[in-house]
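Input: a single structure, listed below in structure tokens.
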Amino acid sequence: MSTQDIIDTLAGIEPGSALDAIRARRLQARENAQKSYLSLFEPIDSSEFSLSERAAVAAFVTGLHGESPVAAFYREKLAANADGAPLLEAITAEIERGRTSGPYGAFPAGPLSIENKAGLIYRVGAEGKPVLGARLAAALEHAHLLVFRPRDASSADMKALLAAGWSETGIVTFSQLVAFLSFQVRVVSGLRTLAAASAQELAS
């Protein structure tokens, strides 16, 4: 099991640095983020959502957010799996298919309808389906929905996952993983921006 703090690693935070001190001020948040990572990516039981599937979804979701140390980390994590190489190739192609900006979607009829915004409705490409399989194809489509069109999520989307072979327990863990990844990308990006600003300040 990993002992090094994953966010510190991805953000390039060195022990004793200014950013290390900043994170130490919110020790509980730091510890909870690490516990979340371990429970999602180094679980005791991965029978409902395999480690390979977790790495594939993570590579896809972080790739949708753009190139970053976080995206590179999960690509490497996926590539380290026995079936990682073909999956990584397929995931990379799907990231290109799904790349867009958001959030967008439609609110229920009412005052917020003025905020409705059309956008890409992502579907896995025909060439990727044989490599990904039904479970991962459904997972990528749902992950894209959660990242870019959360307001459009409905019971029909849950049924699509169930029909592809996901259990209710697996869907819960999957949703937690996507939410954690979005959080992780934002935190690492923010910390790296702070580090760059601090370095520039010291250099001037």
Side-chain angles (χ1 to χ4, degrees), residues 1-10 28-65 68-84 86-88 90-92 94-95 98 102-103 105 122-124 128-129 131-188:
M1 183 171 286
S2 300
T3 55
Q4 191 170 10
D5 187 279
I6 187 64
I7 287 178
D8 285 355
T9 300
L10 295 175
Q28 188 172 9
R30 189 182 208 173
E31 291 175 348
N32 287 342
Q34 179 67 3
K35 287 176 183 176
S36 293
Y37 170 78
L38 293 174
S39 68
L40 290 167
F41 290 99
E42 299 183 18
I44 295 171
D45 180 5
S46 60
S47 59
E48 302 286 342
F49 187 7
S50 74
L51 296 180
S52 177
E53 288 173 329
R54 292 171 196 238
V57 171
F60 179 70
V61 169
T62 56
L64 290 176
H65 283 88
S68 70
V70 183
F73 172 80
Y74 287 110
R75 283 199 305 270
E76 291 173 9
K77 197 171 188 67
L78 175 57
N81 282 279
D83 54 351
L87 273 180
L88 181 57
I91 292 292
T92 301
E94 292 308 317
I95 289 170
Y122 163 78
R123 294 291 180 264
V124 170
K129 288 183 178 179
V131 181
L132 297 168
R135 276 175 59 91
L136 261 182
L140 297 195
E141 291 177 357
H142 194 73
H144 196 279
L145 170 74
L146 294 179
V147 171
F148 294 110
R149 296 189 295 123
R151 69 186 73 160
D152 288 348
S154 67
S155 60
D157 300 301
M158 295 295 106
K159 289 176 182 176
L161 286 172
L162 291 169
W166 287 86
S167 66
E168 291 183 359
T169 300
I171 291 172
V172 170
T173 305
F174 165 82
S175 300
Q176 291 172 336
L177 184 138
V178 173
F180 171 77
L181 290 167
S182 295
F183 157 80
Q184 190 180 53
V185 166
R186 289 195 303 272
V187 170
V188 170

To the nearest 0.5 Å, what is the distance between [atom1] on [X] and [atom2] on [Y]?
X     : Y      : atom1 : atom2 : value
Phe60 : His65  : CZ    : NE2   : 11.0 Å
Gln28 : Lys35  : CD    : NZ    : 8.0 Å
Glu94 : Tyr122 : CD    : OH    : 3.5 Å
Leu10 : Gln4   : CG    : CD    : 9.5 Å
Ile6  : Leu38  : CD1   : CG    : 9.0 Å
Ser39 : Gln34  : OG    : CD    : 10.0 Å

Using the side-chain contact (heavy atoms from CB on, under 4.5 Å) rule, take Val188 and Ser68 through it: C-alpha gap first, then chi angles, then the decisive distance, then the call.
-> CA-CA 9 Å; Val188 170; Ser68 70; over 6 Å; no
I need the minimum non-hydrogen distance between [X] and [Y], along with the two atoms involved.
X      : Y      : value
Ser52  : Leu87  : OG-CD1, 3.5 Å
Ala59  : Leu78  : CB-CD2, 4.2 Å
Ala90  : Val131 : CB-CG1, 3.9 Å
Phe183 : Ala33  : CE2-CB, 4.0 Å
Thr62  : Ala71  : OG1-CA, 3.4 Å
Asp5   : Asp8   : OD1-N, 2.9 Å

Would a distance-only check, ignoring hydrogens and angles, find a side-chain to backbone donor-acceptor pair under 3.5 Å from [X] to [Y]?
X     : Y     : answer
Ser50 : Ser46 : no
Asn81 : Asp83 : no
Glu42 : Tyr37 : no
Arg54 : Phe49 : yes

Let me have the donor-acceptor pairs involving side chains of residues 136-149, under 3.5 Å, with sequence neighbours excluded, atom names and distances please.
unit_1	atom_1	unit_2	atom_2	d
Glu141	OE2	Val124	N	3.0
His144	NE2	Gly98	O	2.7
Arg149	NH1	Asp152	OD2	3.2

Thr9 and Pro69, any side-chain heavy atoms less than 4.5 Å apart = no
Compare all side-chain heavy atoms of Ile91 with those of Arg75 and state whether any distance is below 4.5 angstrom.
-> no
Report the C-alpha distance between Tyr74 and Val57 in whole Å, list the side-chain angles of each, state the deciding distance to 0.1 Å, and finish with yes or no for side-chain contact (heavy atoms from CB on, under 4.5 Å).
-> CA-CA 9 Å; Tyr74 287 110; Val57 171; over 6 Å; no
Could you give the side-chain donor-acceptor pairs of residues 157-167 under 3.5 Å, partners two or more places apart or in another chain?
unit_1	atom_1	unit_2	atom_2	d
Asp157	OD2	Ser154	N	2.8
Asp157	OD2	Ser154	OG	3.2
Trp166	NE1	Arg135	O	2.9
Ser167	OG	Glu48	OE1	2.4
Ser167	OG	Gly170	N	3.0

